[in-house]
Amino acid sequence: MSLLNRHALRFFRQTCFPVTLLTGDIEFSFHDSDSFPWDTHPLHQFHAQYRARFSEGSRAFLGRSGAAIVFSSWVEHGRLVIDELRWEWKLTAGDAVAYDVVTMPDWRGKGIYPAALRRLSGLLAEEGVRHLWIYSEEENDASIRGIRKAGFEDHGVINAVHVAGLTRRSGVVKGVNA
């Protein structure tokens with residue numbers, strides 16, 4: 001365990017509008033614990049963490065091509081603990097956040113990430129969600145490119161420095177207080 005850790009998370013927001021998108025051969029859908037594909041999800045090493053997320057009210061949002069899971073993310077509406085910042089984010093009513101977003105390695109570079117985020121935003125709009133948030137480590141250029149391609153607006157950065165068990169956060173994100 002390191003005595004000094006630094007994280008810079010860039011936050012983005014999009015206004016949700018109901019839309020119908022053609023997503024090619026990728027089918028996107030929400031999952032709860034009962035419908036989650038426990039036997040076929042490629043990130044099986046995180047199943048205990050996923051069960052905890054379901055028990056706290058998070059939903060999985062998955063993309064499939066045939067039987068293959070090609071995209072995986074989580075959606076939260078109430079509060080989210082962001083480990084990198086050691087902070088609990090209490091979302092505004094009508095807002096949701098996508099987190100722990102992954103396009104499976106064999107499927108990267110095919111435009112799935114921005115398509116999934118646009119589809120997620122449209123489905124959430126149909127449920128009455130006004131804004132969808134997402135964040136990424138500042139140096140994750142591929143993720144940030146996909147987020148911007150999906151039409152999200154940059155809202156700022158929160159930096160966190162962890163030294164010997166203490167955390168100092170700085171930065172400004174419009175619509176988020178850390």
Side-chain angles (χ1 to χ4, degrees), residues 1-16 30-33 36 41-63 71-104 108 113-114 116-121 123-124 127 129-178:
M1 178 180 210
S2 175
L3 289 176
L4 174 68
N5 290 303
R6 297 175 189 266
H7 292 277
L9 297 185
R10 181 159 295 281
F11 286 73
F12 300 85
R13 189 181 84 175
Q14 181 178 74
T15 300
C16 296
F30 288 110
H31 294 269
D32 60 17
S33 182
F36 189 79
H41 195 282
L43 302 175
H44 55 84
Q45 68 270 33
F46 300 112
H47 282 184
Q49 187 177 18
Y50 293 172
R51 289 183 197 289
R53 289 177 180 174
F54 282 129
S55 72
E56 294 170 0
S58 288
R59 292 188 291 171
F61 182 69
L62 304 178
F71 177 86
S72 179
S73 71
W74 291 85
V75 179
E76 179 58 54
H77 295 272
R79 66 169 193 81
L80 178 66
V81 174
I82 301 176
D83 294 333
E84 296 90 341
L85 301 178
R86 295 186 185 157
W87 173 65
E88 181 179 301
W89 181 9
K90 294 176 184 161
L91 290 133
T92 303
D95 285 5
V97 60
Y99 67 101
D100 200 6
V101 179
V102 179
T103 302
M104 301 309 153
R108 292 179 182 159
Y113 188 53
L117 294 177
R118 286 190 296 268
R119 185 68 179 133
L120 174 59
S121 180
L123 290 171
L124 289 171
E127 295 178 354
V129 174
R130 287 184 317 224
H131 300 112
L132 175 60
W133 289 88
I134 191 168
Y135 59 89
S136 174
E137 289 276 0
E138 179 88 320
E139 69 274 359
N140 189 339
D141 294 332
S143 181
I144 290 173
R145 258 192 322 277
I147 292 166
R148 287 184 172 142
K149 267 187 180 176
F152 283 75
E153 296 176 359
D154 192 330
H155 273 246
V157 176
I158 296 177
N159 297 287
V161 178
H162 313 294
V163 180
L166 299 174
T167 300
R168 176 177 161 78
R169 287 182 295 279
S170 62
V172 176
V173 174
K174 295 180 287 184
V176 176
N177 295 314

(message) My understanding is that only residues two or more places apart in sequence, or in another chain, count here; which of them pass ring pair (Phe, Tyr, Trp, His ring centres under 6.0 Å) with His31?
(response) none
Should [X] and [Y] count as side-chain neighbours, where that means a heavy-atom distance under 4.5 Å?
X: Trp74; Y: Phe54; result: yes
X: Tyr113; Y: Val101; result: yes
X: Met104; Y: Ser72; result: yes
X: Asn159; Y: Arg168; result: no
X: Glu88; Y: Leu80; result: no
X: Glu84; Y: Asn5; result: no
X: Tyr50; Y: Ser33; result: no
X: Tyr135; Y: Ile82; result: yes

Considering non-hydrogen atoms only, spot the tightest contact between [X] and [Y] and give its length.
X: Gly94; Y: Val129; result: O-CG1, 3.4 Å
X: Gly146; Y: Leu117; result: O-CD1, 4.4 Å
X: Lys149; Y: Pro114; result: CB-CB, 3.8 Å
X: Val173; Y: Gly156; result: CG2-C, 3.5 Å

Distance, nearest 0.5 Å, that separates [atom1] of [X] from [atom2] of [Y]:
X: Leu166; Y: Arg86; atom1: CG; atom2: CZ; answer: 9.0 Å
X: Leu132; Y: Leu120; atom1: CG; atom2: CG; answer: 5.0 Å
X: Asp141; Y: Glu138; atom1: CG; atom2: CD; answer: 9.0 Å
X: Ile158; Y: Arg169; atom1: CD1; atom2: CZ; answer: 8.0 Å
X: Ile147; Y: Ile134; atom1: CD1; atom2: CD1; answer: 4.0 Å
X: Trp133; Y: Leu91; atom1: CH2; atom2: CG; answer: 9.0 Å

(request) Keeping the roles fixed (side chain from His155, backbone from Lys174), state whether a donor-acceptor pair exists under 3.5 Å. (result) yes
(message) Using only atom types and a distance under 3.5 Å, with no angle test, would you say the side chain of Ser121 pairs donor to acceptor with the backbone of Arg118?
(response) no
(message) With a 4.0 Å cut-off on N to O distance, would you call Glu127 and Arg59 a salt bridge?
(response) yes
(message) What verdict does the side chain to side chain contact (heavy atoms under 4.5 Å, CB included) test give for Val75 and Val97, after you've listed the backbone C-alpha separation in whole Å, the side-chain angles of each residue and the deciding distance to 0.1 Å?
(response) CA-CA 6 Å; Val75 179; Val97 60; over 6 Å; no
(request) With sequence neighbours left out, write down each residue that passes side chain to side chain contact (heavy atoms under 4.5 Å, CB included) with Arg148, or none if nothing qualifies. (result) Arg10, Phe12, Ile144, Asp154
(message) Apply side chain to side chain donor-acceptor pair (under 3.5 Å) to residues His7 and Glu137 and explain how you reach the verdict.
(response) CA-CA 7 Å; His7 292 277; Glu137 289 276 0; 2.8 Å; yes
(request) Would you list the pairs meeting salt bridge (Lys or Arg N to Asp or Glu O under 4.0 Å) in which at least one residue belongs to residues 42-56, sequence neighbours left out? (result) Arg53-Asp100
(request) Evaluate side chain to side chain contact (heavy atoms under 4.5 Å, CB included) for Arg130 paired with Leu124, printing each intermediate quantity in order. (result) CA-CA 8 Å; Arg130 287 184 317 224; Leu124 289 171; over 6 Å; no
(request) Anything under 30° is parallel, anything over 60° is perpendicular, the rest tilted; go ahead and classify Phe71 against Phe61. (result) perpendicular
(request) Determine, stepwise, if the pair Asp83 / Val81 fulfils side chain to side chain contact (heavy atoms under 4.5 Å, CB included). (result) CA-CA 6 Å; Asp83 294 333; Val81 174; 3.8 Å; yes
(request) Show your working on side chain to side chain contact (heavy atoms under 4.5 Å, CB included) between Trp89 and Tyr99 and close with a plain yes or no. (result) CA-CA 12 Å; Trp89 181 9; Tyr99 67 101; over 6 Å; no
